[in-house]
2 protein chains.
Amino acid sequence: MKLKAPATLKQIAALAGVHTSTVSRALDPEKRHLVAEDVAQRVAELARSLAYRPNRVATTLKTGRSRLIGVLLPDIANPVFAPILSGIAEALATDGYAPIVVDAGNDASRQFAFVENLLVQRVEGLILATVSSEDDVVAHCVRRGLPVVLVNRSEFRNRVSSVVSDDERGMLIAVDHLTSLGHRQIGHIAGPRNTSTGVLRKEGFAKAMARHGLKGPTEEAERFTRDCGLAPARALIRKAKRLTAVVAANDLLALGVLDALHEMNLRCPDDISVVGHNDMPLVDLISPPLTTVRIEHRAMGREAAGLLLKELGARKTASSRLVLEPQLIVRGSTKAIAAVATAGRQPSRV
Amino acid sequence: MKLKAPATLKQIAALAGVHTSTVSRALDPEKRHLVAEDVAQRVAELARSLAYRPNRVATTLKTGRSRLIGVLLPDIANPVFAPILSGIAEALATDGYAPIVVDAGNDASRQFAFVENLLVQRVEGLILATVSSEDDVVAHCVRRGLPVVLVNRSEFRNRVSSVVSDDERGMLIAVDHLTSLGHRQIGHIAGPRNTSTGVLRKEGFAKAMARHGLKGPTEEAERFTRDCGLAPARALIRKAKRLTAVVAANDLLALGVLDALHEMNLRCPDDISVVGHNDMPLVDLISPPLTTVRIEHRAMGREAAGLLLKELGARKTASSRLVLEPQLIVRGSTKAIAAVATAGRQPSRV
DNA sequence: TTATAATGTGCAATCGATTGCATAGGTTGA
DNA sequence: TCAACCTATGCAATCGATTGCACATTATAA
């Protein structure tokens with residue numbers, strides 16, 4: 001298949017009877033004033049009638065600006081990334097940029113390969129949703145001077161900018177919600193310790209509990225998946241006999257908790273209340289509908305893209321950190337403790 | 001921020017003491033034989049030590065091949081597109097291609113703008129998941145000679161290649177499942193009539209019913225969303241008093257049906273069985289777990305990308321149409337009719 | 001009127017890689 | 001020994017747009 005070749009500067013120049021450089025200037029809003037008004041008009045008219053679009057590839061070659069941004073996701077199939085991506089694409093589009101999306105997985109060496117590939121495409125910057133706490137990919141980009149913004153997760157060393165949810169605050173409102181319902185024996189299923197979200201939420205949980213003079217048991221999940229939530233949930237419930245509530249580090253882990261409860265013949269929320277994190281699609285539909293901490297993923301993506309664009313424009317920018325406010329969404333998986341007591345938790349526990 | 005400039009052919013040439021053209025040939029597997037063995041070795045060695053990567057932009061400018069494929073999605077946030085995208089990315093990567101993803105919405109004029117934007121980036125082809133039955137974007141691409149493959153949805157005029165699920169068959173297995181459970185009063189919530197999936201599944205439903213000598217009422221949803229499923233579901237249930245099952249044109253609509261049942265104090269599956277379509281993530285988790293027709297979206301994406309790559313290679317290809325086999329996934333939202341009768345449907349309906 | 005400044009255009013190099021053509025050696029055969 | 005032929009390499013144009021510099025023309029000031 002052969003594309004109909006689009007118009008070039010040269011053709012317009014020939015038709016207008018001027019040099020290509022004049023055409024180039026006439027069509028660049030920043031340089032239009034260098035060109036006589038009548039010529040500019042004529043050229044603009046011609047360009048319009050020929051449906052001229054500058055060849056972005058040629059422009060990129062000359063100027064080094066590709067107007068492409070690489071986006072690395074750890075797992076496209078994870079529903080939280082869809083709105084992030086959507087927000088990124090939206091924000092980039094306003095400046096004529098477009099994202100190249102890569103489903104890079106969690107494996108560092110594969111990620112390197114993908115980053116190399118993106119660099120070959122001459123992306124101007126990277127948005128990473130993949131970082132672990134000490135990320136080599138980030139180090140690599142910093143070394144090469146490639147602008148990077150982290151989204152959703154962040155690094156501990158603040159080498160680059162990031163846009164994240166306030167993880168500690170998220171845990172605080174979750175714990176406050178539970179205590180206000182009378183819960184005191186609250187456990188936590190933490191995310192992997194090599195992710196900022198895993199660590200910060202765990203710390204946030206501990207701090208929030210401390211504010212109420214409480215201390216709750218914690219079990220760590222290996223990864224943020226439903227399956228990986230099952231084992232730690234079992235362990236948690238078995239160890240802490242008097243537990244009345246569990247806060248999970250994200251919704252998928254919360255689903256794992258529900259699986260564990262089911263397995264152990266415990267009811268949610270009658271025996272144990274459960275709180276998730278993210279408010280991903282469909283968690284309002286499960287049984288019981290999940291009480292969770294909502295994160296504005298779309299806004300997060302938008303902000304991350306905006307930040308990156310800003311950094312592309314600036315010569316040098318201090319890395320900044322944007323923290324979004326989470327919001328508690330109360331649904332059916334949490335319930336007042338009074339009810340728990342009368343609902344006869346002990347019997348069902350043997 | 002400034003990038004450390006990567007190595008160029010010229011630098012390697014200088015170091016190797018040969019001309020750039022020799023370096024170019026030495027590094028191109030197809031042309032390596034034109035170059036003396038020792039020189040080729042030396043150049044390859046040098047290239048490796050400098051971590052040389054050809055500047056794709058320059059190559060594109062010269063050869064016209066960008067190795068980028070544009071992907072137009074109607075709605076990134078819809079969970080079915082994640083695996084499609086993932087499959088596309090995977091298949092493209094094997095040939096060194098990468099996707100540029102655009103969340104183009106359903107609005108035709110916006111879609112045009114996005115396509116223009118992609119053309120400016122010199123994408124070599126397009127994968128559209130957006131098409132409506134008579135799609136102007138397709139017409140536009142065909143006119144410009146841009147290779148296009150449709151995925152998930154197709155056109156009625158077979159102007160371009162497509163990869164879709166066998167929609168009729170999907171409805172057949174859904175209806176067969178229900179009839180085997182004893183259902184005879186089965187309704188259908190159809191998708192929008194400007195999508196192939198909407199129309200074909202509706203037809204498939206009618207045909208499947210006819211095979212059993214049945215005829216079922218149908219209501220059409222305006223769009224494939226949970227919200228848009230609510231109203232037609234209400235209407236359907238109100239009109240067809242003796243309905244015992246509903247087949248929805250996709251999972252989101254099925255969720256709308258569940259919402260409607262809930263609202264009307266009907267139970268699923270005890271009062272009414274519900275079947276969805278797509279088997280999108282998490283529908284196994286809702287209450288009741290959704291019986292649905294599974295489509296291999298990932299494979300669909302992979303095949304579509306493969307098809308496009310094949311067409312890029314060929315001079316001229318007849319448009320082909322790849323139809324994938326769907327599979328019924330039986331879960332908790334469907335139940336034998338006998339149980340329905342004894343479960344006392346009439347009372348709860350008053 | 002002449003020197004000076006301002007304005008509008010053109011020239012040509014450049015970004016980095018590719019490729020048809022030319023050519024310098026070297027080989028072969030008669 | 002010389003023509004005919006290979007082989008390996010270099011030369012230079014090219015893709016399309018951008019941009020510093022130079023030049024020509026006109027406007028302004030003295």
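Letters A, B, ... mirror the listed sequences (proteins, then strands); counts begin at 1.
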Next item on the list: Tell me which of G17(B) and T63(B) sits closer to the 5' end of DNA chain D, going by the nucleotide each one is nearest to.
Entry: G17(B)
Notebook entry, point to check: So with a 6.0 Å cut-off around CZ of R298(B), is the heavy-atom count from everything else above 12?
Noted result: yes
Next item on the list: Would you mind telling me which of dT18(D), dT14(D), dG10(D) lies closest to the side-chain atoms of K62(A)?
Entry: dT18(D)
Checklist line | Listed nucleotide nearest any side-chain atom of T20(B), set dG10(C), dC15(D), dT18(C) | finding: dT18(C)
Next item on the list: Looking only at side-chain atoms of V39(B), point me to the closest of dT9(C), dA17(C), dT9(D).
Entry: dT9(D)
Notebook entry, point to check: Between A7(A) and D38(B), who's closer to the 5' end of DNA chain D by nearest nucleotide?
Noted result: D38(B)
Margin query: Using a distance-only criterion (donor-acceptor N/O pair, under 3.5 Å, no hydrogens), is the base of dG10(D) paired with the side chain of R25(B)?
Written below: yes
Next item on the list: Return yes if a side-chain donor-acceptor contact under 3.5 Å exists between E311(B) and S161(B), otherwise no.
Entry: yes
Next item on the list: Test for a donor-acceptor pair under 3.5 Å between the base of dC11(D) and the side chain of S21(B), counting only N and O atoms.
Entry: yes
Next item on the list: Give V23(B) one of three labels, base, sugar-phosphate or nothing, depending on what nucleic acid heavy atoms sit under 4.0 Å from its own.
Entry: nothing
Next item on the list: Using atom CG of L61(B) as one end and atom P of dA17(C) as the other, report the distance to the nearest whole Å.
Entry: 12 Å
Check: Taking NZ, NE, NH1 and NH2 as the nitrogens, is one of them in R67(A) or E124(A) under 4.0 Å from a carboxylate oxygen of the other?
Finding: no
Checklist line | NZ/NE/NH1/NH2 to OD/OE distance under 4.0 Å, R144(B) and E116(B) | finding: yes
Item checked: Residue-phosphate contact under 4.0 Å: S24(B) side-chain N/O, dT18(C) OP1/OP2 -> yes
Next item on the list: Taking only the side-chain heavy atoms of H19(A) (C-beta and beyond), determine which of dA17(C), dG10(C), dG10(D) contains the nearest atom.
Entry: dG10(C)
Next item on the list: Pick base, sugar-phosphate or nothing for V57(B), based on heavy-atom distances below 4.0 Å to the nucleic acid.
Entry: nothing
Next item on the list: Select one nucleotide: of dT9(C), dA17(D), dA17(C), the one nearest the side-chain heavy atoms of A58(A).
Entry: dA17(D)
